[in-house]
Visitor: 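Handing you this structure, nothing more for now.
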Amino acid sequence: MESVNAQLLDGKALAQRIQTQLKSQVEQLVLTHGRPPGLAVLMVGDNPASAAYVRNKERACAKVGIASFGRHFPATISQAELEEVIHALNQDPQVDGILLQLPLPEHLNTVYLLHQIDPSKDVDGLHPLNLGYLVRGEPGLRSCTPAGVMRLLREYQIDVKGKQAVVVGRSILVGKPIALMLLELDATVTIAHSRSQNLADITRQADILIAAAGRAKLITADMVKPKAVVIDVGINRVSDDSGNFHLVGDVDFDTVRDIAECITPVPGGVGPMTVAMLLENTVLSYTRAHS
Ligand code: NAD
């Protein structure tokens, strides 16, 4: 097969540009309204991956001037205690965004707790009201990872209208909202999942292939249509022959890059875009509160 040497979709660089713009916007907002936007990231327990994500989010907040009201709770916190914290943050005028870092320990009811977040502060876009707005195509707070994927496509001027898009993964966090956002832009969308038969036959139809299954290197070159746009949402921690851990996506990058038109790297693709969209949602929620 002739190598087309895919263009890299550089989410890291784009996320930095978005953060630079947000920083000057936040400076203006502080001058106008006398306080910075505020984000509360709630973390429960000591999941190392979650702790790393939370650190990234708080660092990014500091860079653009968003105030962090994050709290870290022991894994033993009760449902009632966490609910009370969320209700207090809903009332706190300094806080514009509330994010419950998932997954939560088993004894906590995640869906119930997500429902407790004021939809106007739901910067992760997981409250049913915001998901409902997405289904209806109305403005609302949109889930950060799917919004990050769409922004990346937009910035690289990848037109999805009329194209065949295949999303591998149907989670409420990633797969389903991405599919709806692609549909909103007039793509013809197929959602594949763990029960889909003949996955390769489905993915080979894709002009735009979004991999969000959480399975390391699931998508190999033979599953990709030549010159497809390939977006890799997966983040999988794998060990190499020497026992060192590193992160890989759901796409076998080294072989797929020879066949795709453009492709996101892991890390440095969708991950940084997720954080940038979280900051943008926090600023959006702030500006709405002041309008
Ligand atoms: P999930 O486990 O909730 O959902 C995975 C989905 O993939 C399911 O719908 C399942 O049906 C499907 N699936 C699993 N195995 C499959 C297979 N062999 N073939 C086809 N479909 C299969 O995961 P999630 O929360 O949607 O996350 C997906 C991936 O994206 C994970 O690797 C996660 O770490 C990553 N992620 C990345 C970001 C980011 O910022 N880049 C954000 C969120 C999640």
Side-chain angles (χ1 to χ4, degrees), residues 35-62 66-135 140-148 169-177 194 212 214 233-237 245 271 274-275 277-286 288-289:
R35 74 163 179 95
L39 173 66
V41 178
L42 304 180
M43 157 123 187
V44 181
D46 291 310
N47 178 325
S50 295
Y53 294 144
V54 169
R55 266 199 309 279
N56 275 346
K57 288 166 185 173
E58 292 186 341
R59 253 188 236 137
C61 278
I66 291 176
S68 282
F69 293 88
R71 307 259 308 264
H72 185 179
F73 303 99
T76 50
I77 189 172
S78 71
Q79 172 96 0
E81 282 171 298
L82 199 51
E83 195 179 339
E84 207 173 296
V85 170
I86 293 171
H87 288 165
L89 291 167
N90 284 342
Q91 300 301 322
D92 188 336
Q94 306 287 320
V95 174
D96 303 284
I98 303 168
L99 183 148
L100 199 49
Q101 186 67 40
L102 304 179
L104 294 175
E106 296 245 315
H107 70 279
L108 298 172
N109 182 336
T110 301
V111 173
Y112 177 83
L113 287 165
L114 287 172
H115 286 205
Q116 301 310 307
I117 297 174
D118 180 338
S120 69
K121 296 189 178 188
D122 169 39
V123 282
D124 222 4
L126 293 177
H127 190 283
L129 189 69
N130 285 313
L131 287 168
Y133 286 142
L134 172 61
V135 174
L141 288 164
R142 299 283 168 93
S143 312
C144 302
T145 302
R170 59 174 165 186
S171 74
I172 198 72
L173 187 65
V174 188
K176 276 186 200 168
S194 53
V233 181
I235 301 178
N236 308 287
R237 199 163 169 262
F245 283 98
T274 298
V275 178
M277 293 301 98
L278 173 65
L279 304 178
E280 214 175 73
N281 274 350
T282 305
V283 172
L284 177 65
S285 165
Y286 173 105
R288 282 188 179 162

Visitor: I need the minimum non-hydrogen distance between R170 and S194, along with the two atoms involved.
Guide: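 Smallest heavy-atom distance, with atoms named: NH2-OG, 4.2 Å.
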
Visitor: Kindly give the heavy-atom pair with the smallest separation between M277 and A147, and that separation in Å.
Guide: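 Taking every non-hydrogen atom into account, CG-C, 3.8 Å.
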
Visitor: Using the side chain to side chain contact (heavy atoms under 4.5 Å, CB included) rule, take Q101 and V44 through it: C-alpha gap first, then chi angles, then the decisive distance, then the call.
Guide: CA-CA 8 Å; Q101 186 67 40; V44 181; over 6 Å; no

Visitor: Can you name the closest pair of heavy atoms from A60 and V275 and give their distance?
Guide: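 Scanning both residues completely, I find the closest heavy atoms to be CB-CG1, 3.5 Å.
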
Visitor: Distance-only, no hydrogens or angles: does the D124 side chain make a donor-acceptor pair with backbone N or O of L126 under 3.5 Å?
Guide: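 The answer is no, because no donor-acceptor pair under 3.5 Å joins these two groups.
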
Visitor: Any sub-3.5 Å donor-acceptor pair from N130's side-chain atoms to G125's backbone N or O?
Guide: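 It does not hold such a pair.
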
Visitor: Which value, rounded to the nearest 0.5 Å, describes the distance between L99 atom CG and C144 atom SG?
Guide: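 Nearest 0.5 Å value for the CG-SG distance: 6.5 Å.
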
Visitor: Does the side chain of V111 come within less than 4.5 Å of N109's, by heavy atoms?
Guide: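 Yes. Closest side-chain heavy atoms under 4.5 Å.
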
Visitor: Which is it for L39 and V95 under the side chain to side chain contact (heavy atoms under 4.5 Å, CB included) test, yes or no, and what are the steps along the way?
Guide: CA-CA 6 Å; L39 173 66; V95 174; over 6 Å; no

Visitor: What residues form a ring-ring contact (aromatic ring centres under 6.0 Å, His included) with H87, not counting sequence neighbours?
Guide: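 Not a single residue meets the ring-ring contact (aromatic ring centres under 6.0 Å, His included) criterion with H87.
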
Visitor: With sequence neighbours left out, what residues match N90 under side-chain hydrogen bond (donor to acceptor under 3.5 Å, both in side chains)?
Guide: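 For N90, no residue satisfies side-chain hydrogen bond (donor to acceptor under 3.5 Å, both in side chains) once neighbours in sequence are set aside.
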
Visitor: Could you go through the side chain to side chain contact (heavy atoms under 4.5 Å, CB included) check for F73 and V85 one step at a time?
Guide: CA-CA 11 Å; F73 303 99; V85 170; 3.8 Å; yes

Visitor: Kindly indicate, with the supporting measurements, whether the criterion side chain to side chain contact (heavy atoms under 4.5 Å, CB included) is fulfilled by Y112 and E83.
Guide: CA-CA 9 Å; Y112 177 83; E83 195 179 339; 2.8 Å; yes

Visitor: Looking at R35 and D96, is any side-chain nitrogen of the basic one under 4.0 Å from a carboxylate oxygen of the acidic one?
Guide: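 Salt bridge between D96 and R35, a charged N being under 4.0 Å from a carboxylate O: yes.
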
Visitor: Using 0.5 Å steps for rounding, measure from the CG atom of L278 to the OG atom of S143.
Guide: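 Taking CG in L278 and OG in S143, the distance rounds to 11.5 Å.
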
Visitor: Looking only at heavy atoms, what is the nearest atom pair of F69 and G38, with distance?
Guide: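 Closest heavy-atom pair between F69 and G38: CE1-CA, 3.8 Å.
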
Visitor: Out of curiosity, I86 CD1 to I117 CD1, how far, rounded to the nearest 0.5 Å?
Guide: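 If we round to the nearest 0.5 Å, I86:CD1 and I117:CD1 are 5.0 Å apart.
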
Visitor: Check whether any side-chain heavy atom of P177 sits under 4.5 Å from a side-chain heavy atom of L134, and report yes or no.
Guide: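 Result yes, sub-4.5 Å side-chain heavy-atom pair found.
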
Visitor: Flag the pair P103 / T110 as yes when at least one side-chain heavy-atom distance between them is below 4.5 Å, and no otherwise.
Guide: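 No. Closest side-chain heavy atoms not under 4.5 Å.
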
Visitor: Once you round to the nearest 0.5 Å, how far does CG of L114 lie from CD1 of I98?
Guide: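 Going from the CG atom of L114 to the CD1 atom of I98 covers 11.0 Å.
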
Visitor: Excluding sequence neighbours, so at least two apart, what forms side-chain hydrogen bond (donor to acceptor under 3.5 Å, both in side chains) with Q79?
Guide: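 Checked Q79 against side-chain hydrogen bond (donor to acceptor under 3.5 Å, both in side chains); zero matches.
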
Visitor: Is there a donor-acceptor pair closer than 3.5 Å between any side-chain N or O of H72 and the backbone N or O of D46?
Guide: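 No; zero donor-acceptor contacts below 3.5 Å.
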
Visitor: Does Q91 use its side chain to pair, donor to acceptor, with the backbone of A88 at less than 3.5 Å?
Guide: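 No, Q91 side chain to A88 backbone: no donor-acceptor pair under 3.5 Å.
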
Visitor: Are the side chains of L173 and T145 in touch, meaning some heavy atoms are under 4.5 Å apart?
Guide: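 When only atoms from C-beta onward are counted, T145 and L173 do not touch, as no gap falls below 4.5 Å.
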
Visitor: If you measure from OG on S120 to OH on Y286, what distance do you get to the nearest 0.5 Å?
Guide: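 Separation between the atoms: 14.5 Å.
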
Visitor: Measure the spacing between CG of L141 and CZ of R288 and express it to the nearest 0.5 Å.
Guide: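 Interatomic distance, L141 CG to R288 CZ, rounded to 0.5 Å: 5.5 Å.
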
Visitor: Is there side-chain contact between S50 and M43, with heavy atoms separated by less than 4.5 Å?
Guide: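 S50 vs M43: side chains touch.
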
Visitor: Taking K121 for the side chain and L89 for the main chain, is one N or O donor matched with an acceptor at less than 3.5 Å?
Guide: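 Yes: the side chain of K121 pairs with the backbone of L89.
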
